[in-house]
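To start, the structure under review is shown below, and the notes come after it.
Within every chain, numbering begins at 1; the chains are lettered A, B, ... in the order of the sequence lines, protein sequences first and strands thereafter.
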Amino acid sequence: MASSIRVRATANGDITEVQALIQHPMDTGLVKDAKGEVIPAHFIQRLKFECNGKDVFVADWGTAVSKDPYVKFSFKGAKKGDDLKVSWTDNKGGSDTTTAKIS
Amino acid sequence: MNARFFLLGSLSAALVAFALTSPRVIAADKVDPVADAKAFQNFFFQKFPTVKHEDFVNGPYSMNEDMKRQWQEKEEFPPYEFALDAGKEMFATPFRNGKTYADCFPNGGIGIRQNYPYFDTGEGKVVTLELALNRCREANGEAPYSYVKDEMASLTAYMAFTSRGKPMDIKIPDDPRALAAYENGKRYFYTRRGQMNFSCASCHVQSPGERIRAEILAPALGILNAMPIYRSEWSGMGTTSRRFVTCNSQTRAVPLEPQADEYRDVEYFLSYVANGLPISGPGARP
Amino acid sequence: MTITTGPHPTRRLILQGVAGVALLGLGNLPFAPARAAANDKYPEEAFKQKSEADAIKALYGKTAEPSDKVKLDAPEIAENGGVVPISVTTTLDKVTSISFFVAENPSALAASYKIPDGTIPAVANRLKMAKTTNVTAIVEADGKLYSATKEVKVTVGGCGG
Amino acid sequence: MKLSLPLAMLLALSLAPAARAANEADYKAAYAAAEAASREAAGMRNQWTVTVSALAAAKKAADGGDFDRAVAAAKEAEALAKASIFQATSEKEAWKAMEIR
C-alpha cells in the first residue's frame, strides 16, 4: 500500500526545505460517530526526520494537530541526493516510515 | 381549529400579492443561452472589477485576501493530494474484465473534464462526469460507486487534474430537449427552496464575498470549475453531487437523490455560463 | 499557466529562511550550548495539562516572556477550525525548541518541536482550534523562553441546515 | 399599518383557547392531514427537512402516549408542508425576478 507519508525535500544552497503531509485520522477521542459512540483517540505522537544519521527535526504532537497533518521546516548541512528518513508512531502503536531523496 | 388555517391562508395570500407585484415579472421569453452566458459573466465582471476573470474559479479565495493567503499556504501541499494519487491509481487499475476507465472515455479520459456535463442526444438528457464514470463501471461488470463518497471524488479529482487550465467548453446541441434541460437548470438555480427560502442565487449571486459565519460565499461564476473539492468542513473530498445535497439541507430543503435530473440540469447550466473560464479542480475549500 | 500554486509564497519563506541563517551563522560559532531542558521523551504530562500555564510548566518548567523576535503568523479569521495554518519564525539564537499552545482547546499544548543544531528555527503546521481563542508560540532559545500570541477567530461555516 | 396586521394575526393564533386534552383519535386525524400535505410537498419535489422532523416528533410523542404534544407536532408539520407547497407554487414564476439578464 502506498506510504502514508508524502514528503518533499528541496535543497537550495545549504538550506533544505522539507514539507510533509501524512495520511492519518488524528482522532481526538472527543468526537462521536453517526451512531453516537465516541471515536477513540487515535493520533500521531512523534514524527522524526533524520538525515545523514542525525535527527534534524522531531515533532511531538497532541490531539490538536489537524487530520492528514502537514508540517514544514528547513535545515542546514544536507545536499541534493542525500536521504531523508521520515518516521512516525501513534498512540495505538501504529507507525510508518519512508525515505525520500533530497532533490 | 380551522380558524387557524384561515389566518395562515390569508397571511400567505398577503405574501403572494407582494411577490406578484415585484417589478420584473416578464412573460416567458425565448431561451437564449449565449446571451445568458454573456450577461451572467458581465454581471460578475462588473460587480467585482478588480478580480481577474480567470480568478473567479477560485471561489471564496477570489473574494478575500486573508482567505486567499491561507489557501495558497495550503496549496503548497494540498489536502486533496491523497485523493489525486488514489484516482490516478484507480484509473490505471483494470476492471475484472481487463478493461479500464480509459476505454470508456475519449482520449483515454485524459484532459476531457472541461467538456462535462454534455447533452446526450440519444438519451435526451444531460450526462455528468460522475454519471459517465458509474456507467463505465456498470458496463464493465463493476458495482457503481456512491456519488458522494471518496472513490467517486478520487476519480473525478484525477480527471479534473488532467484538465487543469483548460477553458470550460460545454456545448448545447441544436436540440429542443437540450435547450429545455438548460432552462430547467437555470430555473432550479434561481428557485427559492427550503424553510430558509433561499435559492442558489440568494447566496452565490446576491452576496458572494459576504460571510456566512466563518465562510466567505463563492461567486456562482466558475463555482463548479474547481470540482471535486476537499473541504476542511468535511475533512474529506466532496463531489459536485455531495455539494448540491449539502447545500440543499443547509437551507432545510430535503435533498433530491444524487444525479437527479434537476441536479444534472443545474450542473449543465452553471458549467455552460462558465464557458471560457479555466478548470481548476481538484480544489481545496473551507 | 498554473492557476493555484502561487510561486511567491515559497520564495518569501525561503528568503526569510536565508535571512534567518545569515544571523544564525554568526550567532553559534562558539560550541553549541548544553542540551536544553526539553528531554527526548514524548512529553505525555504536558499534553495532558488543560491550561496553558500548566502545560508550559510541565513542558519547560519555567515561564516565557513575550518577545518581538518571535514572529507568529496565524489567520485573523480561521477558514475552518479543523485546519488552521499557523507558523512561527524567529531571529533568536541557539533555539532548541518551538511549541504551539491553543489557550482554550481541551488541552492547551498542541504541538512541540525539537530544533537540533543546524535546523532553522521556523515551523509551519496546521492545527485544530475548538473556538475563538489565543494561539501562542513559545521559542526556547539559549535556555530562556520567548513567546508571541495572536487571537484567531473560529466559528462554523454555512447557514445552519 | 401593513406590518401591524400580520402581527395582530400571529397574536390571535397564539391565544387560541386550550382545547380539552387530545386523544388518539385527534392525533390520528391531525397526523393524516399532515402526512397528506407532506406527500403533496414531496410530490412537488420541494419537501422541507423541518416538515419531516415535525412528523417524526409527532409519531414519537404519540408512541409515548403524549397526544397533546403529538397533535401539536402534527399540526406544525402540516403547516410547514403547506408553506413548502405555497413556496413551490409561487416560485414557478417568482424565480424570474432574480434572474441575471
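Rounded to the nearest 0.5 angstrom, I120(C) CD1 and K72(A) NZ are separated by 12.5 Å. Here I115(C) contributes atom CD1 and D55(A) contributes atom CG; the two are 12.0 Å apart, rounded to the nearest 0.5 Å.
Under the side chain to side chain contact (heavy atoms under 4.5 Å, CB included) rule, F73(A) has a single partner from T119(C), I98(C), N125(C), which is T119(C).
No more than 12 heavy atoms of other residues, nucleotides or ligands lie within 6.0 Å of NZ in K69(C), so this atom counts as exposed by the packing criterion. Environment of CD in E151(C): crowded, with over 12 heavy atoms of neighbouring residues, nucleotides or ligands closer than 6.0 Å.
The side-chain heavy atoms of L30(A) and P106(C), taken from C-beta on, include a pair separated by under 4.5 Å. The closest side-chain heavy-atom distance from Y113(C) to V71(A) is below 4.5 Å. Side-chain contact check for L21(A) versus R126(C): some heavy-atom pair is nearer than 4.5 Å. In this structure, D60(A) and F47(C) have side chains that are in contact, with non-hydrogen atoms separated by less than 4.5 Å.
Here the closest heavy-atom approach between residue N105(C) and residue A64(A) is recorded as ND2-CB, 3.5 Å. Taking each heavy atom of R46(A) and K114(C) in turn, the nearest pair found is NH2-NZ, 3.6 Å. Across T63(A) and K128(C), no two heavy atoms sit closer than the pair O-NZ, 3.5 Å.
For chain C, no part of F49(A) is nearby; none of its heavy atoms comes within less than 4.5 Å. Both the backbone and the side chain of V123(C) come within contact range of chain A, judged by heavy atoms closer than 4.5 Å. With a 4.5 angstrom heavy-atom cutoff, K67(A) touches chain C only via backbone atoms. Proximity to chain A is absent for every atom of P85(C), based on heavy atoms less than 4.5 angstrom apart. I44(A) does not touch chain C: none of its heavy atoms, backbone or side chain, sits under 4.5 Å away.
Contact tally against chain A (heavy-atom pairs below 4.5 Å) for S99(C), A111(C), S107(C): the top residue is A111(C). Annotation: maximal heavy-atom pairing with chain A below 4.5 Å, among A122(C), A110(C), A130(C), occurs at A110(C).
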